[in-house]
Amino acid sequence: MTSLETALRRVRASGRTALVPYVMAGVTSDWTRLVEAAVHAGADAVEIGLPFSDPIMDGVVIQEAALRSLAAGTTLDSVCAELATLDVDAPLVAMTYYNVIHHYGVERAAHAFAHSSLRGAIIPDLPPEEAAPWERACAQNDVATVYLVAPSSPPARVARLAHATQGFAYAAARMAVTGSASDLGDARRVVNALRSVSDIPVYVGIGITTPDHAREAAQFADGVIVGSALMSLVLDGAGTTRVESFVRDFRRALDSTSTP
Amino acid sequence: MTSLETALRRVRASGRTALVPYVMAGVTSDWTRLVEAAVHAGADAVEIGLPFSDPIMDGVVIQEAALRSLAAGTTLDSVCAELATLDVDAPLVAMTYYNVIHHYGVERAAHAFAHSSLRGAIIPDLPPEEAAPWERACAQNDVATVYLVAPSSPPARVARLAHATQGFAYAAARMAVTGSASDLGDARRVVNALRSVSDIPVYVGIGITTPDHAREAAQFADGVIVGSALMSLVLDGAGTTRVESFVRDFRRALDSTSTP
Amino acid sequence: MTDLFMGPPDERGRFGDFGGRFVPEALMSACLELDEAYRDARVDETFARSLERELSLFAGRPTPVTPLERLSRRLDLRVFAKREDLAHTGSHKINNVLGQALLAQRMGKHRVIAETGAGQHGVATATAAARLGLACTVFMGEVDTKRQELNVFRMELLGATVVPVTSGSRTLKDAVNEALREWVTCVADTHYCIGSVMGPHPFPWMVREFQSVIGREAAHQLRELGVETPDVVVACVGGGSNAAGVFAGFAEGTSRLVGVEAAGGSAVGVGSPGVLHGMRSLLIQDEFGQIEEAESISAGLDYPGIGPEHAYLAARGRAEYVTAHDDEVIAALQVLSEDEGIIPALETAHAVAWLLREAGRSIAPGSTVLLNLSGRGDKDVAQVRALIRGES
Amino acid sequence: MTDLFMGPPDERGRFGDFGGRFVPEALMSACLELDEAYRDARVDETFARSLERELSLFAGRPTPVTPLERLSRRLDLRVFAKREDLAHTGSHKINNVLGQALLAQRMGKHRVIAETGAGQHGVATATAAARLGLACTVFMGEVDTKRQELNVFRMELLGATVVPVTSGSRTLKDAVNEALREWVTCVADTHYCIGSVMGPHPFPWMVREFQSVIGREAAHQLRELGVETPDVVVACVGGGSNAAGVFAGFAEGTSRLVGVEAAGGSAVGVGSPGVLHGMRSLLIQDEFGQIEEAESISAGLDYPGIGPEHAYLAARGRAEYVTAHDDEVIAALQVLSEDEGIIPALETAHAVAWLLREAGRSIAPGSTVLLNLSGRGDKDVAQVRALIRGES
Ligand SMILES: Cc1ncc(COP(=O)(O)O)c(C=O)c1O
Ligand SMILES: Cc1ncc(COP(=O)(O)O)c(C=O)c1O
């Protein structure tokens, strides 16, 4: 079992619904401070976006964040170097597109992630069918390969993805890119499908915009991922304080439903 | 023999090279005065243009004269009516396009011409092959049907045209529309071809712009037609005096070569 | 209807009272030479083979006959389209110019001249000239050269010289005048490649014959699609070459033949007999025989006359000539585009407009209709856009 | 060269190391469903017949192979052109969209979406959708919607909705991104009709198969013209669909296969392996794996990648990929126009430019060359005019 999964199972075991905010690396010059603020406010893990020029699973907010980050010169190396200066307990999970990894080299990338506290990676355009080299490299470096499950995934595929995913399973609440709508969509159905074949922690993402959504998701999922809502604030100029209070609001909402 | 031909043969018999200036009817409000001026200055006949919207054998000068005339409301009837007020000895020859005649009615037109001292008609787009009804109408009204002969006309055709033409034969000096170039072109060859099959008076036109041309043509032709050069003056504002002196210059040039 | 329609004209180039050869003497020899050369070529197998080769290998013939299924459902008819829009350069014009350019070459002429309105015939002529290595000059009303700048450039790309015509109304009619004036000066080495079934004999006949490949192909293709004789054959009419071409395949049968003119350029509807551009036909003219301007949104129909054979077919009742208004035309263009994925030329849309209007009226439900799709609308898209948006 | 080139890819959609299916989970089922539906359709005679019918009756296939005699003389070669410019909508794009639209219909989808750069593929897709009665949405970079206003209107006339894409560089690459994003939301009833031999498996294979009609026809037509095996087969390459289509008819033989990319968009020349738009192929990217903009005067070649099968053919040396510069391209467009009366698309002119450059160099005198004339230049005339006049 990956150390990410061990950690996240521990969170679930503690009766806590996991909160996973998303921060695009390099979106601002003090982005690592934003990560710290999120953790300080109660994040159980943080998704770290590594920007890609053509993020096909992302809506306008995260696209914009990626463009700003790229314009500022962000690279895989620069992110890893900056993460090295971070001091947070919560595990970090990279989110990027395969070309960034492919170009860097899968083994080098897994190695670099491991040395920068990135304990997992979500690569939405890398399905398990294409992932063998990457999975091998991750396995050697204790980097969890996290897969998404979509509302359209048929049962056999849910089983396959549930088996392949590590750390947690990412249940997409809807057929849409990030930041699209604002409700829980098909989340419950996707989560249940996963539950029926696996006991890995299941987190819901895509469409979680408000603490209310989070509270509702907490009824059936092990965690929630909050991406565009947070990045939208940051694009509008929010600093650490605002980020901290935003994340804290989600934390409180989740805690209000947790069964300790 | 048409009365036009009788008159023009008489001119030739007198040892005089015929001078035939062209005046577009209606080009100015005093156009009939221009005709009189031309006759006064020594014209042996005058070509009277009846304007047509699409004068394909005419160059820019006569096109422009036709447009002005049409814009002023000139019609076949108005021309005939105005000609009735004219008092000149020299025979008048209409020059127009077939649609004007066709639309008016061939018999009516020949009749109207005859009653307006128009004793001949040049219709460049009406070849003898298409002219039977018109020739009949003209015959009944003593209107001469004048045909053009071109440098491209082969011998058999020259003979045919020489036979069909009445009054005079119009020898086109060149393969061109009126007002195109300024020299005698193939005139001599065309005239000779006509001479070899007929003794009808042969006049040269198309390209006779200066008294020198006229003098040269007089060496082999029975007459010259001066169209665009004169109309060009009129378009530029020349009145009766200027027209008279212009025609007189041609007269003098012709007379200087005549063999009385 | 036992007459033989659409055979050769008489000796003098007449279709009944229409046609003939009303040209200046300077052009007479050229017309006679052309007549002889054409009569000779049309029975010459080598010529037929060269033309057939250029039509198929270069111009993309045969063009298909397309069953228009969605439009048919809309109109409760069985509509088929003869797809001249797919011929090289985008309309039927190429059929004629290839024939004439090959004939010019055969006659030893090394140059062609042509008139053009919006530029379709000019582009087609420049194309055929480039293909065969002939020099080419195109006369185009100055007004049109400005309206259709891109077609001017197209002709220039093809190596042609475009001469803006500044006489008269500076549009198509004047371009013909100017081409005739030019031809007078250069008949010896130049062929005048006229763009429709008009002009002096043998042009109306010859151009119809070159275009009749449309009707021959279509009759054969319809039979292959199970249609022995279409109830209706409809085409737009400017000078009338595409209509003549398609009618030629059906004139001997019982099909109803319909030519659709622009309401603002209806030589049959409002015209009267007259003589212009070398032919006796129906013309739009004033009470004094002065030719008037045709007016239509479609440049290709802006001709104040009609080919003499059409005047004859109208007089004899073998074909009927109707009109379509500008607004129906735009609507028809939209219907065909949306229903069938074919944006027709504005000219062609006149025929479509009549079809939309008459389906279920003078065309009985279930009738079989052959629509001659004379050209594609790409050339008209900017204009249609402006018209729809009310910008012009 | 005993390998069987241009057969089906392997189970995972790979041509050697290239291809595959790098898509978000939300699109995985759609890709699998499409794969299955396509495998089923390709062996179904009814499907084959419908496609064959639309290609011939609607799109005008077969397009001819034209011997380019004057160009051949100029170059001391025997050049033949496969005339995709004569296909409906003016390029080879229609072959692919008709196949995909019929497949979409067969899969019960009632809507298609597509990306487009300059608009050719968008117009083709809108056309096929209109013809079959499918709804259609086309994604087009905002920059391109402004550069190509008339193509936007054309698509609208055909009943399609055009969505300007404001993300990223607002051009073709971003239009693909946006189409994929849209597809995620509507896979159930919508087919993504991709415009070239790119994207996730089965697209590169399927699009090549739909385009292979070009090569099949051409091989047959050349034989009829007495050419057993052309020495050279040359095509321009954007995504690579027209090249793949023509190569497919000759890959098993000994012809030299040449793909010509724009010098400013040479995925083979300056690209490196990477993953984009669902495929592993050669891409133009920076040292960090960020995709770069392709730059060319020809919008249809402005794609920073190349179809995976081309990457494979290049890697195996079965085809070679070369480039042409903007100025040679303009000159080549002029030469073909003047010599043969065919104004090619700017994309196509890249292939012509290479031919002009290499005749007598790497192409021995007297060689037989098949040029894939992928499209007509009408769409480019305004741009070419501005370029020649130095206005842009
Ligand atoms: C597409 C199209 N159809 C019809 C016409 C009208 O000509 P005609 O009546 O000779 O076919 C034109 C003339 O330019 C045209 O371009
Ligand atoms: C005429 C033409 N040729 C070529 C291309 C390039 O596409 P592909 O490489 O897929 O054939 C395009 C694309 O729009 C095109 O319009």
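Order of the sequence lines sets the chain letters (A, B, ...), proteins ahead of strands, with each chain counted from 1.
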Under 4.5 Å heavy-atom distance to chain D, tell me which part of C:Leu336 shows up: side chain, backbone, both or neither. neither
Toward chain D, the part of C:Asp85 with a non-hydrogen atom under 4.5 Å: side chain
Any chance you could lay out the side-chain contact (heavy atoms from CB on, under 4.5 Å) test for D:Val97 and D:His121, step after step, and finish with the verdict? CA-CA 8 Å; D:Val97 297; D:His121 175 59; 3.3 Å; yes
If you apply the rule side-chain contact (heavy atoms from CB on, under 4.5 Å), what do you find for D:Glu149 with D:Val152, and how did you get there? CA-CA 5 Å; D:Glu149 286 186 320; D:Val152 172; 5.5 Å; no
Counting heavy-atom pairs under 4.5 Å with chain D, which one of C:Val381, C:Leu333, C:Val384, C:Ile388 comes out on top? C:Val381
By a 4.5 Å heavy-atom criterion (distance strictly below it), what part of C:Ser56 contacts chain D: side chain, backbone, both, or neither? backbone
Can you tell me which portion of C:Leu71 sits under 4.5 Å from chain D's heavy atoms? Options are side chain, backbone, both or neither. neither
The interface call for C:Val65 against chain D, heavy-atom contacts under 4.5 Å, is backbone
Option that, when pairs with chain C are counted at under 4.5 Å, heavy atom only, ranks first among D:Glu340, D:Glu69, D:Arg385: D:Arg385
State whether C:Lys379 and C:Glu347 are salt-bridged, where the test is any N-O pair (Lys NZ or Arg NE/NH1/NH2 against Asp/Glu carboxylate O) under 4.0 Å. yes
C:Gln221, part contacting chain D, at a heavy-atom distance under 4.5 Å: neither
Can you tell me which portion of C:Pro67 sits under 4.5 Å from chain D's heavy atoms? Options are side chain, backbone, both or neither. both
Atom group of D:Ala81 that falls short of 4.5 Å from chain C, counting heavy atoms: neither
D:Lys93 and D:Glu84 ion-paired at < 4.0 Å: no
Between chain D and each of C:Thr63, C:Leu86, C:Leu68, count heavy-atom pairs under 4.5 Å; write down the option with the most. C:Leu86
Check C:Leu157 against D:Glu338 and note the closest heavy-atom contact, atom names and distance. O-CG, 3.3 Å
What I want to check is whether the side chains of C:Gln211 and C:Asn95 have a donor and an acceptor closer together than 3.5 Å. yes
Please classify the contact between C:Ala128 and chain D as side chain, backbone, both or neither, with a heavy-atom cut-off of under 4.5 Å. neither
Carboxylate-amine/guanidinium contact C:Arg73 C:Asp339, below 4.0 Å: no
Checking C:Arg61 against chain D: side chain, backbone, both or neither under 4.5 Å from a heavy atom? neither
Could you tell me which of C:Glu54, C:Arg83, C:Gln334 has the largest number of non-hydrogen atom pairs under 4.5 Å with chain D? C:Arg83
Given that the side chain runs from C-beta out, which part of C:Arg70 has a heavy atom under 4.5 Å from chain D: side chain, backbone, both or neither? side chain
Pair C:Thr348, C:Ser374: side-chain N/O donor-acceptor within cut-off below 3.5 Å: yes
With respect to chain D, which residue among C:Asp378, C:Thr127, C:Leu225 yields the maximal number of heavy-atom pairs within a distance under 4.5 Å? C:Asp378
Between C:Leu346 and C:Asp380 the two heavy atoms that sit nearest each other are N-OD2, 2.7 Å
What's the spacing between D:Leu387 CG and D:Ile330 CD1 if we round to 0.5 Å? 4.5 Å
Where do D:Arg376 and D:Ser91 land on the side-chain hydrogen bond (donor to acceptor under 3.5 Å, both in side chains) test, with the steps shown first? CA-CA 7 Å; D:Arg376 58 170 134 96; D:Ser91 81; over 6 Å; no
At a 4.5 Å cut-off on heavy atoms, which part of D:Ala87 comes close to chain C: side chain, backbone, both, or neither? backbone
Please flag which part of C:Val123 lies under 4.5 Å from any non-hydrogen atom of chain D: side chain, backbone, both or neither. neither
